[in-house]
Amino acid sequence: MTKVLIAGFTGAMGQKAVRLVQESDGYELVAGLAVGITSKDPEDYDLPAGVAIYGDLNEIQTDADIWIDFTLPSAVYANTKFAIEHGIHPVIGTTGLTDDQVSELQDLASAKHLGGLIAPNFGMSAVLLMKFAKEAAKYFPDVEIIEMHHDNKADAPSGTALSTAKLIDEVRPEHEQGNPDETESLSGVRGGDYHGIHIHAVRLPGYVAHEQVLFGGPGEALTIRQDSFDRQSFMTGVKVAMDHVLDLKELVVGLENLL
């Protein structure tokens, strides 16, 4: 049995990951981490009696093979570093890691000869959107991104939107987009700027996770959109990660690298 620890197991995504592990043949949930919990009794969380419950990173003692992380941007770096240092293959669904932090974690994983995955999004529709957007950017260099999420999301822009911009930037011909004399009568109205690609973040109740990539050209436009209506949709990608992460030899970024 492949043993799994879930960090953030009491959250919305964490709870779905718990059910995924419990329903997947060949996997065993051995531990859960949730900062600030008041009970260490697994039965209080409808978990089997043998599951170890931790409320602090420094308390963890486990023989888990895989660390699944759905926590907070403020905790994900320390969590991932802890997993790698203790020989646990990380599957990171929490966004908010900086480029420098990712590089540091990749160097650490390489030194430990340990594979893992950082996935900005586990939804197949989002992974395909990023793939298609990168292809389209070769022909439509003028592009903007709109991402829409629930109003409890902690970071902006979303990891998916930022990853989309980075992939586009890899192939996008260098040029000046828009009016060079543009002014903002309302500060920030044009959104964030990643190497000339504007990213707009919407936060509203009722939304889950949605993204549009808008391309414009002379006399035509192209819009690529994905919608995640239920967090259960992300579990297909998490299962792919669980099935492949033990075979990885490095810490990779993007679920597409496992497909």
Side-chain angles (χ1 to χ4, degrees), residues 6 8 12-14 16-17 20-21 24 66-71 73 76 80 89-99 102 105-106 109 115-140 143-150 153 155-172 194 197 199-202 207-215 222-259:
I6 298 177
M13 286 293 291
K16 291 190 179 297
L20 173 67
V21 173
S24 297
I66 298 175
W67 177 296
I68 297 177
D69 199 289
F70 288 111
T71 55
V76 63
T80 310
H89 295 262
V91 174
I92 308 301
T94 310
T95 57
L97 288 167
T98 66
D99 290 344
V102 171
L105 292 169
Q106 288 177 319
L117 172 71
I118 298 171
N121 199 306
F122 283 104
M124 291 299 176
S125 62
V127 172
L128 291 172
L129 175 141
M130 289 186 279
K131 179 181 178 67
F132 297 155
K134 182 177 181 179
E135 181 67 22
K138 299 175 185 177
Y139 309 98
F140 290 91
V143 55
E144 299 203 10
I145 298 169
I146 304 172
E147 56 96 340
M148 299 155 283
H149 284 77
H150 56 90
K153 184 168 177 58
D155 59 327
S158 68
T160 305
L162 190 56
S163 293
T164 303
K166 290 177 180 178
L167 289 171
I168 289 172
D169 190 54
E170 291 178 8
V171 300
R172 179 176 180 250
Y194 181 84
I197 302 169
I199 305 176
H200 310 269
V202 176
Y207 283 69
V208 177
H210 318 262
E211 183 176 334
Q212 294 184 82
V213 186
L214 289 74
F215 297 93
L222 171 67
T223 300
I224 305 174
R225 174 171 177 141
Q226 71 85 210
D227 297 280
S228 300
F229 300 108
D230 191 308
R231 290 178 177 85
Q232 185 60 39
S233 64
F234 302 128
M235 291 303 106
T236 300
V238 175
K239 183 58 164 59
V240 170
M242 288 165 51
D243 289 344
H244 291 87
V245 70
L246 297 185
D247 298 324
L248 295 177
K249 305 303 181 185
E250 58 184 342
L251 181 61
V252 302
V253 179
L255 182 65
E256 64 274 10
N257 295 297
L258 274 64
L259 301 179

Go through the steps for H150 and R231 under the test side chain to side chain contact (heavy atoms under 4.5 Å, CB included), then give the verdict. CA-CA 12 Å; H150 56 90; R231 290 178 177 85; 3.5 Å; yes

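- Atom NZ in K134 sits 11.0 Å away from atom CG in D169 (nearest 0.5 Å).
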Would you give me the side-chain donor-acceptor pairs under 3.5 Å for residues 91-98, sequence neighbours excluded?
residue	atom	partner	partner atom	Å
T94	OG1	D69	O	3.1
T94	OG1	D69	OD1	2.7
T94	OG1	T71	N	2.8
T95	OG1	D155	OD1	3.4
T95	OG1	D155	OD2	2.6
T98	OG1	Q101	N	3.1

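- Taking the side chain as every heavy atom from C-beta outward, Q232 and K16 approach each other to under 4.5 Å.
- Shown here for V245 and G116, the closest heavy-atom pair between the two residues is CG2-CA, 3.6 Å.
- For the 3.5 Å distance criterion, the side chains of T164 and E211 qualify, holding a donor opposite an acceptor.
- A pairwise comparison of heavy atoms in P90 and L251 identifies CG-CD1, 4.0 Å as the closest pair.
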Determine, step by step, whether I224 and F215 satisfy the side chain to side chain contact (heavy atoms under 4.5 Å, CB included) criterion, reporting the C-alpha distance in whole Å, the side-chain angles of both residues, the deciding distance to 0.1 Å, and the verdict. CA-CA 8 Å; I224 305 174; F215 297 93; 3.9 Å; yes

Step-by-step side chain to side chain contact (heavy atoms under 4.5 Å, CB included) determination, V208 to D230: CA-CA 7 Å; V208 177; D230 191 308; over 6 Å; no

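- Between atom CD of residue Q226 and atom CZ of residue F132 there is a gap of 12.0 Å, rounded to the nearest 0.5 Å.
- Between L248 and H89, every side-chain heavy-atom pair lies at or beyond the 4.5 Å cut-off.
- The distance from atom NZ of K131 to atom CG of L167, rounded to the nearest 0.5 Å, is 10.5 Å.
- To the nearest 0.5 Å, the span separating CG on L162 from CG on D99 amounts to 7.0 Å.
- When every heavy atom of I199 is checked against every heavy atom of A165, the shortest pair comes out as CD1-CB, 3.9 Å.
- With values rounded to the nearest 0.5 angstrom, S228 atom OG is found 5.5 Å from N121 atom CG.
- One distance of note links CE of M148 with CZ of R225; it measures 4.0 Å at 0.5 Å rounding.
- Counting heavy-atom neighbours within 6.0 Å of Y207 OH, excluding the residue itself, gives a total of 12 or less.
- T160 places a side-chain N or O within 3.5 Å of a backbone atom of P120 that can act as its donor or acceptor partner.
- Of the possible polar contacts, none joining the E147 side chain to the A161 backbone as a donor-acceptor pair under 3.5 Å is found.
- When each of L246, L117, V21 is paired with I66, the side-chain contact (heavy atoms from CB on, under 4.5 Å) condition holds for L246 and for no other.
- When side chains are defined from C-beta on, M242 counts as touching I68, because their heavy atoms get closer than 4.5 Å.
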Start with the C-alpha distance between M13 and F234, add both sets of side-chain angles, then the distance that settles side chain to side chain contact (heavy atoms under 4.5 Å, CB included), and finish with yes or no. CA-CA 9 Å; M13 286 293 291; F234 302 128; 3.5 Å; yes

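- Note: H210 and F229 have perpendicular aromatic rings, judged against thresholds of 30 and 60 degrees for the angle between ring planes.
- Other residues, nucleotides and ligands contribute over 12 non-hydrogen atoms within 6.0 Å of the NZ atom of K166.
- Across all their heavy atoms, A241 and L258 have their closest contact at CA-CD2, 3.8 Å.
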